[in-house]
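Scroll down for the structure; my scribbles are underneath it.
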Amino acid sequence: MSFRRKKGAEVEETLKRIQSQKGVQGIIIVNSEGIPVKSTLDNQSTVQYSALIHQLVMKARSTLRDIDPQNDLTFLRVRSKKNEIMIAPDKDYFLIVIQNPSA
Amino acid sequence: MEITYVYSKFRREFGRQGLFSDRAEAVMVDIQPNPRLMSNFVVKTPRDQASQACMDMSEHPRFESSNCGINHMEGAWPKDINPRDLEQTVRFKKKIEKEENYVNSLVHLGYVMDHCIRQNNTIDIYQEHFKEDEIEKVPEFPTAKTMSVFRDPNQVKRTITGLSWHPDGGRKLAAAYCSLDFQKSPPDMSFDSYIWDLEKPNYPEMALKPESPLVCLDYNPKDPHTLLGGSYGGQIGVFTFRTQVVPRSCGTPGGAILWWDVRKLSEPTERLVLDPSREGNLDQALGAISLEFEPTMPTKFMVGTEQGMVVSCNRKAKTPAEKIVCTYEGHHGPIYAIQRNPFFPKNFLTVGDWTARIWSEDIKESSIMWTKYQMSYLMDACWSPVRPSVFLTVKMEGVLDIWDLLFKQSEPTLSVKVSDKALYSLRIQDNGQVLACGSHSGEATLLHISSGLSTLQKNEKSLMAAMFERETKREKILEARQREIRLKERSRSEQSREDEAWREDGDEDPEQILAKVESDFYSMVEVEMRKRERERRAAALIWIRRRRQTR
């Protein structure tokens with residue numbers, strides 16, 4: 001019981017550490033089907049980001065795999081005029097962080 | 001027909017490999033054509049062969065599209081969970097959070113992400129670390145491309161006499177439609193003026209219905225929801241997007257300028273009579289055609305008149321006589337447009353008759369720069385809001401000219417034939433890249449100018465300032481010289497006032513002068529036409545010679 005709680009606390013701790021970094025605007029955790037599991041943004045933005053970014057990650061991953069089947073996506077950065085969206089993909093989940101580095 | 005070749009072989013040689021030997025070829029069979037078979041056939045003339053020398057057109061009608069929103073629904077939830085039910089979704093999420101897989105991957109992802117975030121915060125990884133030499137831009141040919149055309153949806157086409165861009169980003173264009181042919185407008189002509197959205201060129205976004213057709217209109221620069229329109233019947237109306245204010249009548253000004261406060265439209269707040277002799281006499285007043293008002297100089301404004309004079313006025317003067325500061329003469333016909341240079345407010349551009357002239361406020365005798373006499377009447381002009389040396393004019397033959405004073409002063413840098421009908425109005429957007437021109441047949445054409453003509457070049461401001469100063473100085477020197485000569489003449493005439501011969505010379509018949517001027521004019525035109533004919537013939541000969549050479 002306590003072991004599991006510690007693990008749960010680790011997730012919280014990780015997210016808190018990320019949130020406290022300079023310029024971080026929001027964090028979303030999405031599972032492999034595109035369902036947002038956890039988010040620090042409001043519901044509408046969460047749904048929008050998770051749906052759109054999920055598709056983007058799938059496309060990026062399949063692109064790399066098509067070129068070289070041994071390869072895989074490790075990280076995806078989308079830099080825009082206003083901020084940067086960073087996506088860390090995993091087998092079942094991915095972590096999306098929106099950061100404004102100049103802020 | 002069977003072709004056979006018979007050969008014989010010894011029995012003991014059966015089964016042996018075939019030994020081939022080469023031999024010269026010999027014709028085995030020769031089948032000649034049989035002319036008698038021709039009678040079985042008949043030559044078919046004419047043959048039907050369909051071909052088309054025109055463009056491939058689509059069979060479908062003009063494609064019209066409309067914008068509407070899309071409702072995004074949440075998907076990807078497993079079948080047994082209703083996405084709307086908050087309790088179920090929360091329970092599902094909590095279940096996921098408890099999985100071990102989730103925790104492990106999250107922790108790992110957290111480390112990766114942390115690293116990248118810190119990277120971002122430490123240095124700007126996309127910054128230019130080595131200053132590269134500025135790439136020399138290849139000088140591109142200036143171009144103007146037509147993007148879309150907005151056509152008057154009514155059957156009876158009217159001229160577009162006024163255009164105005166929406167002050168907030170210029171996504172909308174308001175156009176005033178009115179038939180300028182005095183008393184020739186057909187009875188069922190519509191009075192509407194339209195507001196167009198740039199994304200939807202097929203039909204106007206909004207229609208303004210005044211009591212009489214609008215001749216000019218303008219967006220309120222401070223309030224993008226109100227429009228001011230001046231109509232053919234001499235009325236001014238304020239249109240807002242919430243309700244339409246009925247325009248108040250004010251009586252045809254004709255020679256007087258009236259100030260109106262939008263809040264009190266029943267009578268003008270001030271009145272100024274455009275009389276050059278400053279007597280306030282309405283009979284001597286000039287008809288005003290165009291007005292120039294620079295919001296950064298709220299006390300001064302200028303009026304272009306029908307007689308070809310520009311009157312500069314001061315709003316704050318106490319007496320009406322002092323209101324008219326000075327006049328600038330130079331045009332032979334009504335001045336259709338007048339605008340100050342947005343970068344050098346002391347210089348302004350006027351357009352009327354067949355020339356465009358640039359003036360400096362200090363020099364009242366003549367313009368400091370002017371274009372050659374063009375082939376047709378210039379109807380409207382404006383400066384480019386981003387480049388101090390570029391201005392644009394539209395002509396009666398449907399041509400848009402873009403002039404770049406730093407590049408070429410004798411001719412327009414770019415001449416675009418926008419339409420076959422005369423172009424009456426021109427407005428450029430604040431970004432300097434998109435402009436709209438309105439034609440006689442009610443078409444507003446949207447053009448996109450190449451970036452070479454709409455980006456500020458290096459040193460452009462200083463070069464233009466130097467040019468204006470140089471021309472102003474030249475005119476000042478000429479003016480001083482003229483004054484000297486006149487002074488000398490006057491002193492000389494005072495001396496020889498008793499001289500009879502001088503008086504006789506001075507009494508030249510005005511009719512004689514007119515006849516002389518006429519004959520001079522015609523001879524000049526003849527010379528010019530002959531020169532053109534010669535040039536054309538020479539060009540034709542060269543062309544023929546070249547063709548012969550290539551053959």
Side-chain angles (χ1 to χ4, degrees), chain A residues 3-24 27 29-39 43-44 46-48 50-52 54-55 74-77 79 83-103, chain B residues 67-130 169 171 431 433 451 455:
Chain A
F3 187 63
R4 219 191 300 151
R5 212 179 302 135
K6 196 163 152 206
K7 283 277 182 136
E10 270 195 31
V11 172
E12 288 300 324
E13 204 190 291
T14 313
L15 293 183
K16 216 177 292 175
R17 197 179 57 228
I18 293 178
Q19 181 78 36
S20 63
Q21 295 275 14
K22 191 176 80 153
V24 171
I27 308 175
I29 301 173
V30 186
N31 79 346
S32 54
E33 271 142 34
I35 302 174
V37 175
K38 207 174 181 70
S39 164
N43 194 30
Q44 197 201 5
T46 303
V47 169
Q48 214 177 8
S50 55
L52 296 167
H54 178 257
Q55 292 176 36
T74 52
F75 201 80
L76 186 61
R77 275 187 202 253
R79 184 94 163 192
N83 48 23
E84 180 162 355
I85 305 174
M86 293 180 281
I87 307 151
D90 189 62
K91 195 161 67 86
D92 298 315
Y93 303 93
F94 36 96
L95 176 63
I96 303 169
V97 171
I98 302 147
Q99 187 197 19
N100 191 350
S102 48
Chain B
N67 280 342
C68 62
I70 290 189
N71 195 10
H72 289 280
M73 301 289 289
E74 271 192 57
W77 292 99
K79 244 189 278 187
D80 51 348
I81 296 186
N82 178 8
R84 307 262 167 124
D85 189 352
L86 202 63
E87 206 194 294
Q88 287 189 343
T89 54
V90 168
R91 209 186 317 149
F92 182 76
K93 285 184 195 172
K94 280 219 165 32
K95 192 167 69 142
I96 291 187
E97 281 174 28
K98 295 222 176 72
E99 284 173 21
E100 201 174 310
N101 188 15
Y102 172 81
V103 177
N104 285 337
S105 24
L106 246 297
V107 171
H108 168 68
L109 291 178
Y111 279 129
V112 175
M113 183 62 80
D114 208 31
H115 170 75
C116 289
I117 293 179
R118 281 184 214 264
Q119 215 178 39
N120 261 353
N121 282 334
T122 325
I123 55 164
D124 181 8
I125 64 177
Y126 297 100
Q127 138 194 67
E128 287 253 328
H129 292 279
F130 307 101
R171 271 182 310 270
N431 62 12
Q433 266 207 324
S451 56
T455 39

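First the proteins, then the strands, lettered A, B, ... as listed; each starts at 1.
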Can you give me every donor-acceptor pair (side chain of residues 108-115 of chain B, partner residue at least two apart or in another chain, under 3.5 Å) with its distance?
residue	atom	partner	partner atom	Å
D114(B)	OD1	Q21(A)	NE2	2.9
D114(B)	OD2	R17(A)	NE	3.4
D114(B)	OD2	R118(B)	NH2	3.0

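Side-chain contact between F92(B) and I35(A) is present, with at least one heavy-atom pair separated by less than 4.5 Å. Side chains of N120(B) and R79(A) form a contact here, defined as non-hydrogen atoms less than 4.5 Å apart. At least one side-chain heavy atom of R77(A) sits under 4.5 Å from a side-chain heavy atom of C116(B).
For the atom pair CD1 (I117(B)) and CD1 (I27(A)), the distance works out to 7.0 Å, reported to the nearest 0.5 Å. Rounding to the nearest 0.5 Å places CD1 of I29(A) at 4.0 Å from CG of L106(B).
Nearest heavy atom pair, residue N121(B) against residue Q99(A), reads OD1-NE2, 3.0 Å.
Neither the backbone nor the side chain of K91(A) comes within contact range of chain B; no heavy atom of the residue lies under 4.5 Å from a heavy atom of that chain. When heavy atoms are compared at a cutoff of 4.5 Å, Y93(A) approaches chain B by way of both its backbone and its side chain.
With respect to chain B, the highest number of heavy-atom pairs below 4.5 Å among T74(A), T14(A), V37(A) belongs to V37(A).
Listed by chain and number, the residues in a side chain to side chain contact (heavy atoms under 4.5 Å, CB included) with N431(B) are Q429(B), Q433(B), V434(B) (sequence neighbours excluded).
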